[in-house]
2 protein chains.
Amino acid sequence: MSSRHIQYAADVESLPTTAWVVLGLLSFGRELSGYDLRKWAEASVRFFYGSPAMSQIYRELRRLEAQGYAVSRPAPPEEPRRKRLYRITPAGLDALAGWLREAPVEAPVLKHGVALRVWLGHLSDPATLRRTVLEHREFAQRMLDEVSAARAVAEHDPTWAYPAMIERWGERYWAAERDAADALLADLATLNQQPPATSPVP
Amino acid sequence: MSSRHIQYAADVESLPTTAWVVLGLLSFGRELSGYDLRKWAEASVRFFYGSPAMSQIYRELRRLEAQGYAVSRPAPPEEPRRKRLYRITPAGLDALAGWLREAPVEAPVLKHGVALRVWLGHLSDPATLRRTVLEHREFAQRMLDEVSAARAVAEHDPTWAYPAMIERWGERYWAAERDAADALLADLATLNQQPPATSPVP
DNA sequence: GGGAGCATGTAACGGGTTACATGATTGG
DNA sequence: CCAATCATGTAACCCGTTACATGCTCCC
């Protein structure tokens with residue numbers, strides 16, 4: 001109803017990024033349920049953007065459908081389970097492409113509880129710190145293993161070239177995270193050797 | 001008022017992590033204003049946990065004081081500016097140490113808008129993708145420079161051993177982030193060379 | 001004089017979480 | 001038969017953000 005001419009954005013009540021993530025999953029062309037989307041997000045998006053809660057996914061799906069960016073239908077009776085399948089619309093593809101073109105890229109968000117704890121090391125003890133970092137090292141290794149497994153699946157198919165590329169990126173990221181944990185463990189060790197630093201013979 | 005005997009936690013209506021971050025800043029012993037805390041967070045915590053909004057810091061300070069974890073006083077009249085200075089209390093130190101000892105370490109939160117965009121590369125174009133990643137590369141380099149500068153300040157003082165250690169960790173983290181961006185740029189380049197991949201001689 | 005930075009807040013909003021509720025189907 | 005998984009939601013909560021309001025002081 002506005003008198004302005006706006007090309008791509010008649011009604012863009014700008015959606016939260018999570019909505020674009022969900023629409024992004026649908027943009028690969030498959031018809032999926034909320035549950036499916038969750039599983040897939042756990043196996044892909046999780047490594048670089050976390051994975052939204054189920055309830056959040058359902059909310060975004062309803063919103064996307066209200067916006068005309070997706071359509072849904074109940075699964076046909078042949079399907080054993082009652083569920084609702086979502087598909088992206090041309091308008092949805094357009095909107096997603098427009099978001100990619102125009103929305104400014106937000107700075108990456110990092111909340112690193114392990115770094116926070118070491119930073120407050122003066123209120124902790126060496127053993128606890130060491131254990132915390134070691135657990136994180138194992139977590140990073142696990143993430144690396146999982147993202148590697150995910151990548152192995154969709155390799156060599158040009159349709160999945162970009163997801164595969166980001167999975168490679170994820171491998172590098174989590175390998176670096178593991179290595180940084182190792183370096184931190186080494187730093188912690190040298191710090192603990194220092195206090196009795198009245199070294200007899202230099 | 002409870003009949004139970006609970007050593008460290010008579011009334012722990014568990015605070016959000018941001019409150020512990022603010023209390024953590026105060027745990028280094030200085031008496032600071034909300035504004036001071038914000039500046040300091042920008043120069044330290046930001047590199048591994050983001051930096052909360054001013055309004056959030058003020059809110060947490062009020063809450064910490066209500067809990068008895070911090071006390072405040074107006075700055076003395078000698079100070080040119082009207083402000084309120086906060087100091088950690090023994091109870092606050094106790095509570096923070098208790099949190100470090102007992103609270104489970106949350107998994108690190110990562111929301112990487114650049115990875116998200118490349119993951120959706122099929123809806124974008126090579127030039128845009130390349131520019132996005134390049135900008136991120138520069139962002140990571142900037143973060144690296146800034147954390148290095150911060151580290152240079154407090155080096156070699158045992159009081160700041162743990163913060164310095166985390167600044168070293170931050171340098172590794174942001175260097176790795178920059179290198180991962182470079183690797184991603186290389187991957188993007190090879191992908192763009194591939195489409196005319198009817199290679200004449202294998 | 002005026003802009004940059006100092007300093008403290010209030011108000012509105014909403015995104016994303018956990019907890020809860022419900023019920024079907026599959027497979028050991 | 002019973003647990004795990006599939007499948008979809010509602011309700012409450014609150015963290016954290018942006019936008020706004022206010023006024024001071026420093027320095028060019």
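Since the model is a prediction, treat every value here as computed from it, not as a measurement.
Between D:dT8 and A:S33, a contact under 4.0 Å exists linking OP1 or OP2 to a side-chain N or O. Residue B:T18 places at least one side-chain N or O closer than 4.0 Å to OP1 or OP2 of D:dG16.
The aromatic rings of B:W169 and A:H112 sit perpendicular to each other, their planes meeting at more than 60°, with 30° as the lower class boundary. Under the 30°/60° scheme for interplanar angles, the aromatic rings of B:W174 and B:F139 are found to stand perpendicular.
Side-chain proximity of A:A53 to the nucleotides C:dT10, C:dT18, C:dG16 is greatest for C:dT18. Considering only side-chain atoms of B:R84, the nucleotide from C:dG15, C:dC6, C:dT8 that sits closest is C:dT8. Taking every side-chain heavy atom of A:R81 into account, C:dT26 is the closest of C:dT26, C:dG15, D:dT17. Side-chain proximity of A:S55 to D:dT8, C:dT17, D:dC15: nearest is C:dT17.
As a whole-Å value, the separation of B:M54 CE from C:dG5 C1' is 13 Å. Rounded to whole Å, the distance from NZ on A:K83 to C1' on D:dT5 is 12 Å. In this structure, NZ of B:K111 is placed 6 Å from P of C:dT17, rounded to the nearest angstrom. Here C:dG5 presents its P atom at 8 Å from OH of B:Y35, a figure rounded to the nearest Å. Between the OH atom of A:Y58 and the C1' atom of C:dT22 there is a distance of 13 Å, rounded to whole Å. One atom, CD of A:E65, and another, C1' of D:dG9, lie 15 Å apart when rounded to the nearest Å. The NZ atom of A:K39 sits 11 Å away from the P atom of D:dT8 (whole-angstrom rounding). Distance CD1 (A:I57) to P (D:dA7): 13 Å, rounded to an integer number of Å.
Annotation: of the two residues near DNA chain C, B:G34 and A:P52, the 5′-most nearest-nucleotide partner is B:G34. Residue order along DNA chain C, read from the 5' end via each residue's closest nucleotide, puts B:D36 first among A:S51 and B:D36.
Taking the centre and axis of the six-membered ring of B:W20, the NZ or CZ atom of A:R117 falls outside the cone set by 45° and 6.0 Å.
Under the 3.5 Å distance criterion, the side-chain polar atoms of B:E60 are left unmatched by any main-chain donor or acceptor of B:T18.
Residue-to-nucleotide contacts include a donor-acceptor pair under 3.5 Å from the side chain of A:R59 to the base of C:dG16.
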Would you check, one step at a time, whether the test salt bridge (Lys or Arg N to Asp or Glu O under 4.0 Å) holds for B:E146 with B:R142? CA-CA 6 Å; B:E146 285 169 28; B:R142 220 149 49 235; 5.0 Å; no
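Note on A:R63: only backbone sugar-phosphate atoms sit closer than 4.0 angstrom, heavy atoms only; bases stay farther off.
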